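Protein chains get the first letters and strands the later ones, always in sequence-line order, with residue 1 at the start of each. Remember, it's a predicted structure, so these values are computed and weren't measured experimentally.
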Number of protein chains: 2
Amino acid sequence: MRPTVNDIAREAGVSLATVDRVLNARPGVREKTIRAVNDAIVKLGYVRDLNAANLARSRNYRMAVVLPDTESQFVQTLAKALTDAGSIAATARMELRLLRFPAEDPHALAALLASLPGHGFAGVALMAPETPVLRDAVRGLRARGLPVVALVSDLPNTGRDHFIGIDNRAAGRTAGVLMGRFLGGGQPRGSERSEVLVLGQSLLARDMIERRRGFDEVMLRDFPGLEVLPSLETHGSSSTLRQVVVERLASAPGVRGIYAMGDGNRALTQVLDTMGLSGKLTVICHELTPHVRQALEAGEVTAVITQNLGHLARSTLRVLRAKADNLPLDAGQEQIRIEILLRENLPPAPDSASDTPAEADDAA
Amino acid sequence: MRPTVNDIAREAGVSLATVDRVLNARPGVREKTIRAVNDAIVKLGYVRDLNAANLARSRNYRMAVVLPDTESQFVQTLAKALTDAGSIAATARMELRLLRFPAEDPHALAALLASLPGHGFAGVALMAPETPVLRDAVRGLRARGLPVVALVSDLPNTGRDHFIGIDNRAAGRTAGVLMGRFLGGGQPRGSERSEVLVLGQSLLARDMIERRRGFDEVMLRDFPGLEVLPSLETHGSSSTLRQVVVERLASAPGVRGIYAMGDGNRALTQVLDTMGLSGKLTVICHELTPHVRQALEAGEVTAVITQNLGHLARSTLRVLRAKADNLPLDAGQEQIRIEILLRENLPPAPDSASDTPAEADDAA
DNA sequence: GCAATTTTGAGGTGCGTACCTCATTTTGCG
DNA sequence: CGCAAAATGAGGTACGCACCTCAAAATTGC
């Protein structure tokens, strides 16, 4: 049997009350006694039964997840993954509150964050671009004891407790090798020149920059025979995307591959379709949204670089909780992997999952 | 607040004892009363607090994991992943017992399984080839109330409660597309004929067969320009592998790719190295063992099809537990994905993880 | 050496559930 | 109707821990 507080008390030759004082860092215990108790803890290999402890203090973990109010399919999918994970974690005394902020308003975000400590939150997960105001807001939260984890896009200079997401530079590199190898390693195909088109909604966003850097890194080093054209900006607008793609493909007939770094994959496949190019180019994009899944199955998209959003959501909950309890993490479990999805290794659609919340009756 | 058993009793107009009888399926309650209690449960949305329940019955989940006593690096790595996951899960009242059986002796395995129910196990995870004796043994376990989950290789005809692993046919298909596309889609390269070598330790093992089927499926359909040579059997022996590979490569100078379906990747890279072929062929293999990781980083292996063993191990524990408690699973979380690893998206080595079991003192 | 202060002990209560006993009520049946 | 059997209620104990109170003991300062 695992040792309990009573065993510690006996071993240390003190009373239960004293063990409790030491365990919970309550004042009024001599240094010497503290040491005696800690020695006993080490000797017996005591570990607090977190479940019993939480039961006793009837603790519940209320966490805030702060996302931009963007309507993009990625954010939508992420929000759903988080909600799903949250409703399952409800049995583990966790409560998730999804909060949205105006995507382009750092000050509104800062104000939102500042209001959190008053509402009994035990931690915050945050997906937002790093700005000076945000840095201060995050520092403020941490100063008040709230752990903060960055979601999807890192906030390296804010002192956040953890980052949950992929290394975008490595993701870009991965896209690069795939593109290079899928296009035959850069060997010229007949007399044509092979070119690759790169799309991104904004060249200022940190993740876009990193993906592009990683992509170029590999293309330059390993596939000098392929020419990567300058990035085209879509600004998140479908019409802009359509326009620039049509324009570019007309002027550059040697384009054999497209790397779509950001959103707007739906518009992209549509353009290609109307141009009669579906399935004729190597198209690599990011994030497995419902539409992308469909395009992958149809052969309109060749490969998808993605992070498993279900995993990301569950990881968020686990990390928030571990940070709230000041417990160590299982690094391997929290490592979000850069997944390569082809039509052949596409996991089955989550579908309208098993709605039955339980086997209901416990009866045998 | 979440409703408790007391709330149920009040709502249903019965006593606590009766609610308890219903909840735990104890005898001596009228059908009508049972219904009343269940109605109250539904109405209030009651969910049993599993932590409190486990505390009360001081329950611990003791699980058996049964693996072949093979010395292959894959089984070793898997065993380690399981042990690691088990030691972390120890805080959650789980205890993992690793048991090994003589790889080639189905009867010894059956005997081992038959001995389990007597030792207070709450569930069994099993990696073994399906044989008639095994089928009976598994049925016997389940008849005695022990949930059985199949690990890595499925046991479809045994009535196992769950399978944890990947779809090997899909894995083979994935290897196929990668091979095909990496070799330029089958376009002849100059005048040479492009051939692909396939290696497997035994053509009788279910997983080898399925991988090969998936691989051929894709190669025939999508890359008719590539010729896939008949599988070479290595029987798990390094020297056999060395011999057949040397032989074949000498007689078939057009080989540009190798698909290694099973173990023996270390021997393979060695042969290629001594033949001066390192990095000159497209080599695709399975499972990220320490050696394969190294070979991937060195460019001796092009791509690895793998299942994340850490995930697999944690999934095993979660599934065993859920089955023991008769709870529903989170399908998304338990879905083991077919991962494609290139040098560029290789996750960092687990390393000699953080040995510090905790932040020690809870003090602020 | 005495009072003031600090440290410690003893004990209780509650968290939500499991499991047990014994008395009391209700039901079914002849 | 009366009686045995079945159903239900009341209440207690335990699980491992948090948190509280009050008294007793040990230590400190003067």
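One atom, CD1 of B:I8, and another, C1' of C:dG16, lie 12 Å apart when rounded to the nearest Å. C:dT8 atom P lies 20 Å from atom CZ of A:R10, rounded to whole Å.
To the nearest 0.5 Å, atom OG1 of residue A:T4 and atom CG of residue A:L44 are 9.5 Å apart. Considering CD1 of A:I41 and CZ of A:R48, their distance stands at 8.5 Å, rounded to 0.5 Å.
With sequence neighbours left out, the side-chain contact (heavy atoms from CB on, under 4.5 Å) criterion links A:A128 to A:F101, A:L109, A:L126, A:L134. In this structure B:R93 satisfies the salt bridge (Lys or Arg N to Asp or Glu O under 4.0 Å) test together with A:D49, sequence neighbours excluded.
Residue B:T18 places at least one side-chain N or O under 4.0 Å from the OP1 or OP2 atom of D:dG9.
In the model, B:N157 has a side-chain atom that pairs as donor or acceptor with a side-chain atom of B:E130 under 3.5 Å.
Axis angle between the ends of the helix from C:dG1-D:dC30 to C:dG30-D:dC1, five pairs each and rounded to 10 degrees, works out to 20°.
Checked by atom type and distance alone, the side chain of B:R10 never pairs as donor or acceptor with a backbone atom of B:S15 at under 3.5 Å.
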Which letters describe nucleotides 12-30 of chain D, given B = protein heavy atom under 4.0 Å from base, S = only from sugar-phosphate, - = neither? ---BBBSB-------S---

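Residue pairs meeting the side chain to side chain donor-acceptor pair (under 3.5 Å) criterion with at least one partner in residues 37-47 of chain A, sequence neighbours excluded, are A:E11-A:K43.
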Which side-chain N or O atoms in residues 145-154 of chain B pair as donor and acceptor under 3.5 Å with protein atoms at least two apart or in another chain?
from   : atom 1 : to     : atom 2 : distance (Å)
B:D154 : OD1    : B:R160 : NE     : 2.7
B:D154 : OD1    : B:R160 : NH2    : 3.4
B:D154 : OD2    : B:R160 : NH2    : 3.1

